[in-house]
Amino acid sequence: MTSEQSDQLELAVIVPLHNETESINYFYNRLRSTLEGIKDLTKWEVIFVNDGSTDNSLEKLKELRENDKRVNIISLARSFGYQNALQAGLISVAANFYSIVDVDCEDPPELLEEFYHSIKHEKIEIAYGIRSNREEPSWVIFFRKIFYLINRIIADNEIVMWMAEFSMFTHNVKLATLSPNNTFLFLRNEMAYVGLKRKGFDYFRAKRKFGKT
């Protein structure tokens, strides 16, 4: 292995957040344990994108950075919204693979191990979580199904049912999703649009332990 190859970042985990002081350490511990447990994952970083938080989230992130140089921080001047925070994270780093996971742990960071092995060994370009199971009132589930079905009917391109931003994907996917330079980025829709090989993973979406959704 050359020096250039050994220095290549293999996985960049993009974590957008807004006012998540209580969730940060809990999430980080679960994520770090997962990534360190993936045997053939050589070099990874976590990029927290602070989307204009008004609590102590930024201070918590700086504490993590002091203790783990694999933690990097992007702090936006104000809240630009979830999709823009994702975009800021993605354009800030070059890696072989990228992952998106939220800090509230409603989507389990442990599933990243399955995502990684799928992309690494099955030649999948996009591995994503299927959010079909969650603890919610029946009326919320009903109207969410209606929302997805209507969008699927009227959309200009394919809508992948129950797909969310919780995912891992290749550098090719990153380039393809960001290259249109859409004014209003909707990343999961762009992932479906590019048409590259993907695989969904069913999981149970948990309730957040801290803070508000």
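FYI, side chains are in, hydrogens and waters are out, and symmetry mates aren't considered; it's all heavy atoms of this structure.
- To the nearest 0.5 Å, the span separating CD on E63 from CG on N56 amounts to 9.0 Å.
- Annotation: side chain of S99 is in contact with side chain of L11 (closest heavy-atom distance under 4.5 Å).
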Before you tell me yes or no, could you show the steps for E10 and N96 under side chain to side chain donor-acceptor pair (under 3.5 Å), namely the whole-Å CA-CA distance, both residues' side-chain angles and the distance that decides it to 0.1 Å?
CA-CA 5 Å; E10 186 165 18; N96 294 333; 5.1 Å; no
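- In this view, E36 and R70 satisfy the salt bridge (Lys or Arg N to Asp or Glu O under 4.0 Å) rule, not counting sequence neighbours.
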Test log, rule side chain to side chain donor-acceptor pair (under 3.5 Å), inputs T34 and E113
CA-CA 7 Å; T34 298; E113 183 170 5; over 6 Å; no
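- N50 places none of its side-chain heavy atoms less than 4.5 Å from the side chain of I74.
- Within the 4.5 Å cutoff, no side-chain heavy atoms of V101 are placed close to those of I14.
- From Y26, atom OH reaches atom CG of D104 across 11.0 Å, with rounding to the nearest 0.5 Å.
- Sparse packing is recorded around NZ of K123, with 12 or fewer heavy atoms of other residues, nucleotides or ligands lying under 6.0 Å away.
- Salt-bridge formation is detected for the pair E110/R30: a Lys NZ or Arg NE/NH1/NH2 atom is positioned less than 4.0 Å from an Asp or Glu carboxylate oxygen.
- Here the side chain of D68 pairs no donor or acceptor atom with the backbone of L64 at under 3.5 angstrom.
- Side chain of R65 to backbone of V71: a donor-acceptor contact under 3.5 angstrom is found.
- Annotation for K120: atom NZ counts as buried by contact number, over 12 foreign heavy atoms lying within 6.0 Å.
- The distance from the CG atom of D102 to the CD atom of E106 is 7.5 Å, given to the nearest 0.5 Å.
- Atom OH of Y203 is separated from atom CG of D107 by 3.5 Å, given to the nearest 0.5 angstrom.
- A side-chain donor from one of S79 and D51 sits under 3.5 Å from a side-chain acceptor of the other.
- At least one donor-acceptor pair closer than 3.5 Å links the side chain of Y98 to the backbone N or O of V93.
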Run the side chain to side chain contact (heavy atoms under 4.5 Å, CB included) test on V13 and W44 for me, step by step, so that the C-alpha distance in whole Å, both residues' side-chain angles and the decisive distance to 0.1 Å come before the verdict.
CA-CA 8 Å; V13 183; W44 55 268; 5.7 Å; no
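- For S167 (side chain) and I100 (main-chain N/O), no donor-acceptor pair under 3.5 Å exists by modelled atom type.
- When all heavy atoms of P16 and L86 are compared, the pair lying nearest together is CG-CD2, 3.6 Å.
- Listed by first and then second residue, the ring-ring contact (aromatic ring centres under 6.0 Å, His included) pairs that reach into residues 99-126 are F115-F166, F115-F201, H117-H121, sequence neighbours excluded.
- Listed for the T177 side chain is a donor-acceptor partner under 3.5 Å among the backbone atoms of V173.
- Side-chain contact between K197 and I126 is absent, with no heavy-atom pair separated by less than 4.5 Å.
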Start with the C-alpha distance between Y82 and E165, add both sets of side-chain angles, then the distance that settles side chain to side chain contact (heavy atoms under 4.5 Å, CB included), and finish with yes or no.
CA-CA 10 Å; Y82 184 80; E165 282 76 15; 3.8 Å; yes
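- To the nearest 0.5 Å, the span separating CD on E114 from CD1 on I119 amounts to 12.5 Å.
- Counting heavy atoms from C-beta on, the side chains of R198 and Y128 come closer than 4.5 Å.
- Among residues two or more places apart in sequence or in another chain, the salt bridge (Lys or Arg N to Asp or Glu O under 4.0 Å) test is passed with K199 by E122.
- Of the inter-residue distances, the one linking K174 atom NZ with L90 atom CG reads 6.5 Å to the nearest 0.5 angstrom.
- The main-chain N or O of T21 is found under 3.5 Å from a side-chain atom of D55 such that the two form a donor-acceptor pair.
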R32/V46 under side chain to side chain contact (heavy atoms under 4.5 Å, CB included): CA gap, chis, key distance, verdict:
CA-CA 9 Å; R32 184 188 64 184; V46 184; over 6 Å; no
Going through the distances and angles, do N25 and F27 end up as a side chain to side chain contact (heavy atoms under 4.5 Å, CB included)?
CA-CA 5 Å; N25 285 340; F27 165 81; over 6 Å; no
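- Using a 3.5 Å distance cut-off with no hydrogens or angles, the side chains of S57 and E20 do not pair a donor with an acceptor.
- Put simply, the side chain of N72 never gets that close to the backbone of I47: no donor and acceptor are under 3.5 Å apart.
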